[in-house]
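Worksheet for the structure shown next.
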There are 2 protein chains.
Amino acid sequence: MPTSTVENYLKAILVRSADAGAVVSTGSIAEALGVTPGTITTMVKSLAAQGLVEHQPREGVRLTPAGRAHALGVLRKHRLIETFLVQVLKMDWKEVHEEAEALEHAISDRVLLRIDAILGHPVSDPHGDPIPSPKRPLFDRGKGVTLATCEPQRPFRVQRILDQSGPFLEFIQRTGLKPGARVRVRERDRASGVVRCELGDAEAALGLPEAAKIEVGAA
Amino acid sequence: MPTSTVENYLKAILVRSADAGAVVSTGSIAEALGVTPGTITTMVKSLAAQGLVEHQPREGVRLTPAGRAHALGVLRKHRLIETFLVQVLKMDWKEVHEEAEALEHAISDRVLLRIDAILGHPVSDPHGDPIPSPKRPLFDRGKGVTLATCEPQRPFRVQRILDQSGPFLEFIQRTGLKPGARVRVRERDRASGVVRCELGDAEAALGLPEAAKIEVGAA
DNA sequence: ATTTTGTCTTTGACGAGTCAAAGACGGTAT
DNA sequence: ATACCGTCTTTGACTCGTCAAAGACAAAAT
Ligand SMILES: [Mn+2]
Ligand SMILES: [Mn+2]
Ligand SMILES: [Mn+2]
Ligand SMILES: [Mn+2]
């Protein structure tokens with residue numbers, strides 16, 4: 001019966017530990033949760049006492065298997081909820097993260113099962129982030145091909161939006177560069193730093209750093 | 001930004017004040033929320049300081065207009081959520097109250113609007129309880145006709161289940177005496193205290209006190 | 001008029017979660 | 001070797017929601 005605060009901490013640690021067993025700095029958790037560093041230290045000690053993390057003072061934090069399992073459960077809820085809000089409730093693409101941030105702590109496993117079934121057991125959320133499950137324990141870490149690095153002229157499919165800030169999602173929505181969209185890089189001009197690409201019959205231009213925020217895969 | 005605790009208090013006071021402006025004893029709130037009397041007194045003082053209730057010490061508590069408005073909003077959320085869980089997620093009829101108790105504090109007004117629209121703006125929840133709205137401010141207080149008092153032989157429609165305890169809802173589900181069901185009292189034997197009624201082609205028997213827990217209306 | 005009883009309030013304490021400010025640490029620069 | 005700096009930890013304090021236990025009150029019983 002972890003509190004919702006504890007769940008948020010665990011999830012923050014999980015998504016920040018690239019690989020299972022990686023160590024995360026308390027500072028980065030503080031920044032992610034918008035809380036002072038001292039608060040993290042205190043909380044981390046409490047999490048360690050509950051067996052959810054290991055803490056090497058002045059070194060970092062690592063999820064225990066129990067902590068990781070719980071964090072994965074929360075992340076799964078979060079992403080299934082986002083998918084549900086978009087697919088079933090037809091909510092706006094860029095609003096759902098905030099909603100899911102609260103709902104992930106309020107929805108029971110029973111409700112989650114129903115949602116998962118209604119959605120047909122999806123494997124990724126509206127942003128293209130993978131939905132972990134007991135049988136699919138995360139980390140299909142794509143090879144990291146993005147609009148900044150993929151082969152020009154060849155058709156790809158948008159897979160995942162790496163920058164999920166409001167303005168960037170606005171842009172994605174406006175241009176239609178959402179996960180699932182077919183896209184082709186027309187021209188990548190290293191001098192001007194502009195990537196020009198084609199979506200169906202439309203065109204979109206974006207800077208190189210921005211192009212690197214859009215992961216693509218085989219069409 | 002009332003906390004979810006405050007919302008639960010306001011809702012408890014609302015559903016316990018038969019008429020708008022009625023006074024509720026702190027003791028009954030304590031019992032409803034499963035909390036000690038001292039806690040209520042403390043909390044009520046805080047609610048009063050926030051202008052949500054008026055408190056006559058040793059007399060009772062009354063919602064202010066602001067408190068009532070907020071309580072109505074929470075009650076609306078609760079009942080719309082219950083309806084959604086049954087109608088859209090096909091959840092079990094007797095599980096939804098508990099789920100809604102948590103979700104009512106986590107769902108935003110945006111999500112609520114979508115749910116309301118998808119359900120077609122329902123006016124009552126699965127238990128037959130009215131769903132308040134800005135234009136429909138509660139209190140369609142039925143005339144209180146129940147299976148214990150309605151005219152025998154004449155067909156009625158189940159309107160509302162007054163006892164929402166687990167076992168009673170089990171019974172309702174088993175017999176099909178849910179809101180919306182057509183029902184007819186065949187025989188009401190005051191000596192044995194048994195009410196025998198007919199639902200479609202099936203029959204159901206129940207005691208008089210139990211019959212009084214099932215409100216009915218014109219078929 | 002007392003005493004009893006039931007209900008309400010007060011008081012002191014606690015856990016959870018947080019912050020501000022002060023302190024400890026360790027790596028980098030001088 | 002020493003000083004400096006950025007990061008992490010400690011400490012003391014605060015809010016919110018809660019309880020247990022003791023106290024106040026008023027209505028009912030004697
Ligand atoms: Mn959250
Ligand atoms: Mn997402
Ligand atoms: Mn609730
Ligand atoms: Mn209900």
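Just so it is clear: chains get the letters A, B, ... in the order the sequence lines come, proteins before strands, and each one is counted from 1.
Residue His55(A) places at least one side-chain N or O closer than 4.0 Å to OP1 or OP2 of dT9(D). A sub-4.0 Å separation between OP1 or OP2 of dT9(D) and a side-chain N or O of Lys45(A) is absent.
Arg16(A) places no side-chain N or O within donor-acceptor distance of the main-chain N or O of Val24(A), the cut-off being under 3.5 Å. Counting only distance, with no hydrogens or angles, the side chain of Arg110(A) and the backbone of Met91(B) share no donor-acceptor pair below 3.5 Å. In this structure a side-chain-to-backbone donor-acceptor pair under 3.5 Å is missing from Arg79(B) to Pro132(B).
Two residues are said to be in side-chain contact when any heavy atoms from C-beta on lie closer than 4.5 Å; Leu10(B) and Val74(B) fail this criterion. Counting heavy atoms from C-beta on, the side chains of Ile214(A) and Phe156(A) never come closer than 4.5 Å. Using a 4.5 Å heavy-atom threshold, the side chains of Ser133(B) and Leu72(B) count as separate. Between Leu47(B) and Val61(B), every side-chain heavy-atom pair lies at or beyond the 4.5 Å cut-off. Between Asp129(A) and Ser124(A), every side-chain heavy-atom pair lies at or beyond the 4.5 Å cut-off.
Atom CD1 in Ile40(A) sits about 8 Å away from atom P in dT18(C), given to the nearest Å. Rounding to whole angstrom units, CG of residue Leu52(A) and P of dA16(C) are separated by 13 Å. The distance from atom NE2 of His105(A) to atom P of dG17(C) is 12 Å, rounded to the nearest whole Å. Per the geometry, CD belonging to Gln56(B) stands 16 Å off C1' belonging to dT7(C), to the nearest Å. Between Leu47(A) atom CG and dT18(C) atom C1' there is a gap of 14 Å when expressed in whole angstrom units. Taking atom CE of Met43(A) as the reference point, atom P of dG15(C) lies 15 Å away to the nearest angstrom. Rounded to whole angstrom, the span from the CG atom of Leu33(B) across to the P atom of dT18(D) amounts to 8 Å.
Of the residues in residues 22-30 of chain A, those with a non-hydrogen atom less than 4.0 angstrom from any atom of DNA chain D are Ser25(A), Thr26(A), Gly27(A). Residues of residues 1-13 of chain A having a heavy atom closer than 4.0 Å to DNA chain D: none are found.
Between the side chains of Asp125(A) and His78(A), not a single donor N or O lies within less than 3.5 Å of an accepting N or O.
One end of the helix from dA1(C)-dT30(D) to dT30(C)-dA1(D) points its axis 20° away from the other end's axis, with each axis taken from 5 pairs and the angle rounded to 10°.
The side chain to side chain contact (heavy atoms under 4.5 Å, CB included) with Lys77(B) is formed by just one residue from the set Val111(B), Asp109(B), Leu103(B); it is Asp109(B). Each of Val88(B), Ile107(B), Thr83(B) was scored for a side chain to side chain contact (heavy atoms under 4.5 Å, CB included) with Ile115(B), with one residue passing: Ile107(B).
Counting non-hydrogen atoms of neighbouring residues, nucleotides and ligands closer than 6.0 angstrom, the CD atom of Glu98(B) reaches no more than 12 such neighbours.
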What nitrogen or oxygen pairs link the protein and nucleotides 20-28 of chain D at under 3.5 Å?
residue : atom : partner  : partner atom : Å
dA24(D) : N3   : Arg58(B) : NH2          : 2.9

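Among dT9(C), dT10(D), dT18(C), the nucleotide with an atom closest to any side-chain atom of Pro57(B) is dT9(C).
Within the structure, every pair that satisfies the side chain to side chain donor-acceptor pair (under 3.5 Å) test and touches residues 47-64 of chain B, not counting sequence neighbours, is listed here: Ser46(B)-Gln50(B).
With sequence neighbours left out, the ring-ring contact (aromatic ring centres under 6.0 Å, His included) criterion links His127(A) to Trp93(A).
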